[in-house]
Amino acid sequence: MRRKILALLLAAAMAISLLAGCGGGKALSQVIVDLLDNLYSNVSVEADSDLTAALKQAAAEGGTEEEILSRMIEILNHKGGSIAFTRLGNGQQGDHAVTLYFQTGTDPDAAARNALAQWAGTLGTLPDDGSYQADVAMIESENGYYIALDVEVLKAGKPDKPDKDDDDNQDDGLIHADGMAYDPANKSATISGENGLTSLVETLQKVADESDTTLAEAIGETNITLTSSTTLPADWPYEATYEATFDGGNNIVSGVKAADETGYNAMFARLNGTVKNVQFEDVEISGGDFNGAVAGYNIDGTVENCAVLSGTISGDNSVGGLVGYNTGTITGCESAAIVNGSAGNTGGIAGYNAGTISDSTNTGNVDSAGWFVGGIVGLNADGSSISGCNASGDVTAEQEEVGGIVGRNNGTIRNSSFTGNKVQGAYTVGGIVGSNTLEDGMANSVIVEACHSTGVVISNGMDAGGIAGKNMSASVIACYSTADVQGSEYNIGGVVGTNGQIYGSTVLGVIDTCYATGNITGGTFVGGVAGRNGHSNDNEASVNACYATGSVSGTTTGGVIGSNQTLNVVTYCYWQNNAANGIGKDGAYEGSPSDRGSTRVDDLTTWEAATHVMNQNSKSSIKFVYSDGAPTLPI
């Protein structure tokens, strides 16, 4: 150990001695090559044009260093075999470790020196009997320099062992155990083996006993980094509130098994910190409210780049694949778990969302005996948002307000899709959202925008739509559905079942720039776009710049609207299906139904002409795209 530390000091001294001739008119990459070349006897160094090109491309798109590094690894096609830079000494032949450093300023020499200082702790401790190829690249940015290092293991060596008279605990200040090193000064732990979390629990239990605290509190304030997959021990403190950072390094944590009727069943009962880059396998969660693989209640924390690979998560209220009740941030996550709820708020990613969920995917089936059930979220609260999400598992419920993405939406849903086989519930069922509703006292608009659905949407009763079962004092904008929609009763539509205005509200129900191509089947009031436009004869709603091409069947059918109530507006809409009229029943007119605001596409009206009119009158920034047939919306 002491010999290796001495070697590092000598390496640093050598680096300083090389600085005198650096910089000047040389290419930027050569500056860092001159520093590294011959500094380490088992590392060959060269400036690499491919690495430079990848760095330029990744940096051009902007973002954080972590985002640029991730993008660069993908461009280099190292993603599948990349190892962490700090674990380079344990790499096998052919492995790549890629790292990135950014230095502000205008001095390339200073940038190169600082990058070398960052890397020395790893390069200087590489096994003496191994050999490595280091490719470097350095580019100038708007306010500094990006320096990249790609190291390939040409020959794997054996990590150096400490001197016989060394004691790890005395030499480095760490507490070492099977698969774990704990730093008490910084309250951080590195897990490097299958039993690492077991060792951490044993170590922190001793720390807790000595400091008159609890194991849960000690875990809650410990930063944990995984460098290998590991198993959660049976005595893990599931009741912990986690306030530090858990970085899984894209490794697997297995053995998350929490069952307590008092609820908050998850790896962490409550989260105020960050859990990122973790994959969970064989999760078993059950009992009570607020259940999920990562956190029962994400108070103000972040769940990032996490995946539930397999397992079952169940409970009563607020049950989700990753988080039960979310008021923080969930981003870039996935779940394949089966999620079951017995009461309200059940979702593939989170049961209840009052925060932000983005760029997340659920492939597992979601099933509930209750209400507010969605492929991503059960209930999306006032002011909360969901964006860039996809659900492809079946979503089924015994009660109402069931959606492919959200059961009840009181916030915003954008750029999201349901691509599964089926969404089914008692009533108020939609391919994206069951009920899209602005309720009394809410301060924010309720919007579903740029979303689409496939498969089949089934209501065992009323109010079913390819996008929303109900759209009340809210908006559905630039959405489309290819799903077949089925309802046994009334208000069944290709886009929305019932479009209307909440009593007393000044906000109208709006459907704008949407289309449906699926077949629509129902009892009465069945329409290609909406089953009913207008919740009652005293309330208002509008359907604008929409079209439908799927067949409609039932009693009182319309190519665009099944039933249009008094005061409600239909403008610039088109249909091309088996319906005789654009509007099946028009409450604003006596006698036979009117085609007010809707036009059949036939020999006299082409889709090209219809596309022009709809785009001209659309209130959305997203426009229809015409290409020799019925138009589409950008995906």
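Heads up: numbering here begins at 1 and tracks the sequence. On a predicted model such as this, the values are computed, not experimentally measured, just so you know.
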Sub-4.5 Å side-chain heavy-atom contact between [X] and [Y]:
{"X": "V303", "Y": "T329", "value": "no"}
{"X": "L149", "Y": "D135", "value": "no"}
{"X": "S360", "Y": "I376", "value": "no"}
{"X": "W236", "Y": "V201", "value": "yes"}
{"X": "L51", "Y": "L76", "value": "yes"}
{"X": "F418", "Y": "V395", "value": "yes"}
{"X": "N298", "Y": "F290", "value": "no"}
{"X": "T346", "Y": "W371", "value": "no"}

Check your understanding: Does the pair N277 and N305 meet the rule for a side chain to side chain donor-acceptor pair (under 3.5 Å), with working shown?
Key -> CA-CA 5 Å; N277 309 323; N305 191 31; 2.7 Å; yes
Search all heavy atoms of [X] against all heavy atoms of [Y] and return the closest pair with its distance.
{"X": "A369", "Y": "S342", "value": "CB-O, 3.9 Å"}
{"X": "G370", "Y": "S368", "value": "N-OG, 2.8 Å"}
{"X": "A137", "Y": "L55", "value": "O-CD2, 4.0 Å"}
{"X": "P127", "Y": "Y132", "value": "CD-OH, 3.3 Å"}
{"X": "A156", "Y": "Q92", "value": "CB-CA, 4.1 Å"}
{"X": "A258", "Y": "Y238", "value": "CB-CD2, 3.9 Å"}

Got a list of side-chain donor-acceptor pairs under 3.5 Å for residues 403-411, not counting sequence neighbours?
from: R408; atom 1: NE; to: E401; atom 2: OE1; distance (Å): 2.7
from: R408; atom 1: NH1; to: E439; atom 2: OE2; distance (Å): 2.4
from: R408; atom 1: NH2; to: E401; atom 2: OE1; distance (Å): 3.3
from: R408; atom 1: NH2; to: E401; atom 2: OE2; distance (Å): 2.7
from: N409; atom 1: OD1; to: N380; atom 2: ND2; distance (Å): 2.9
from: N409; atom 1: OD1; to: G411; atom 2: N; distance (Å): 3.0
from: N409; atom 1: ND2; to: G411; atom 2: O; distance (Å): 3.2
from: N409; atom 1: ND2; to: N436; atom 2: OD1; distance (Å): 2.7
from: N410; atom 1: ND2; to: T437; atom 2: O; distance (Å): 2.7

From [X] [atom1] over to [Y] [atom2], what is the distance, rounded to the nearest 0.5 angstrom?
{"X": "W119", "Y": "L35", "atom1": "CH2", "atom2": "CG", "answer": "9.5 Å"}
{"X": "S318", "Y": "L379", "atom1": "OG", "atom2": "CG", "answer": "8.5 Å"}
{"X": "E66", "Y": "R71", "atom1": "CD", "atom2": "CZ", "answer": "11.5 Å"}
{"X": "D394", "Y": "I338", "atom1": "CG", "atom2": "CD1", "answer": "11.0 Å"}
{"X": "L123", "Y": "Y40", "atom1": "CG", "atom2": "OH", "answer": "5.0 Å"}
{"X": "N362", "Y": "S392", "atom1": "CG", "atom2": "OG", "answer": "7.0 Å"}

With no hydrogens and no angle check, do the side chains of [X] and [Y] hold a donor and an acceptor under 3.5 Å apart?
{"X": "N390", "Y": "T361", "result": "no"}
{"X": "S199", "Y": "E202", "result": "no"}
{"X": "S387", "Y": "S358", "result": "no"}
{"X": "N265", "Y": "D260", "result": "no"}
{"X": "D382", "Y": "N444", "result": "yes"}

Review point. Passes side-chain contact (heavy atoms from CB on, under 4.5 Å), F280 versus S335? Steps please.
Key: CA-CA 9 Å; F280 296 90; S335 178; over 6 Å; no
Ignoring hydrogens and angles, tell me if any N or O in the side chain of [X] forms a donor-acceptor pair with the backbone of [Y] under 3.5 Å.
{"X": "S416", "Y": "C389", "value": "yes"}
{"X": "T213", "Y": "A208", "value": "no"}
{"X": "N317", "Y": "D289", "value": "no"}
{"X": "N251", "Y": "G248", "value": "yes"}
{"X": "S70", "Y": "E67", "value": "no"}

Point to revise | Heavy-atom neighbours of E61 CD exceed 12 at 6.0 Å | key: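 Counting other residues, nucleotides and ligands, CD of E61 exceeds 12 neighbours.
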Check your understanding: More than 12 heavy atoms of other residues, nucleotides or ligands under 6.0 Å from CG of D440: is that the case?
Key ->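 Count not over threshold, so no.
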Exercise for review: Write out all pairs satisfying salt bridge (Lys or Arg N to Asp or Glu O under 4.0 Å) with one or both partners inside residues 295-321, taking only residues at least two apart or from two chains.
Suggested key: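 Listed once each, the pairs would be none.
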Review point. What salt bridge (Lys or Arg N to Asp or Glu O under 4.0 Å) pairs are there with at least one residue in residues 242-257, not counting sequence neighbours?
Key: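 Qualifying pairs, neighbours excluded: K257-E284.
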Check your understanding: Quick one: side chain to side chain donor-acceptor pair (under 3.5 Å) pairs with a partner in residues 225-234, sequence neighbours left out?
Key ->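 The answer is E194-T231, T231-S254.
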Point to revise | Criterion side-chain contact (heavy atoms from CB on, under 4.5 Å) on I224 and L200, from CA distance to verdict | key: CA-CA 10 Å; I224 301 172; L200 178 63; 3.7 Å; yes
Check your understanding: Where do I68 and L100 land on the side-chain contact (heavy atoms from CB on, under 4.5 Å) test, with the steps shown first?
Key -> CA-CA 8 Å; I68 293 172; L100 178 67; 3.7 Å; yes
Exercise for review: Under the ring pair (Phe, Tyr, Trp, His ring centres under 6.0 Å) rule, collect the residues that match up with F372, sequence neighbours excluded.
Suggested key: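 Testing F372 for ring pair (Phe, Tyr, Trp, His ring centres under 6.0 Å), a comparison that skips the adjacent residues, returns none.
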Practice item. Start with the C-alpha gap between T104 and N143, add the side-chain angles, then the distance that decides, and say whether side chain to side chain donor-acceptor pair (under 3.5 Å) holds. Key: CA-CA 6 Å; T104 59; N143 58 350; over 6 Å; no
Check your understanding: Is the NZ or CZ atom of R270 both under 6.0 Å from the centre of the six-membered ring of Y242 and within 45° of that ring's axis?
Key ->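 Cation-pi check for R270 and Y242: fails.
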Just list the side-chain donor-acceptor pairs under 3.5 Å for residues 186-193, sequence neighbours left out, or say none.
from: N186; atom 1: ND2; to: D183; atom 2: OD2; distance (Å): 2.6
from: K187; atom 1: NZ; to: E221; atom 2: OE2; distance (Å): 3.0

Exercise for review: Any chance you could lay out the side-chain contact (heavy atoms from CB on, under 4.5 Å) test for K276 and T302, step after step, and finish with the verdict?
Suggested key: CA-CA 8 Å; K276 62 182 180 179; T302 298; over 6 Å; no
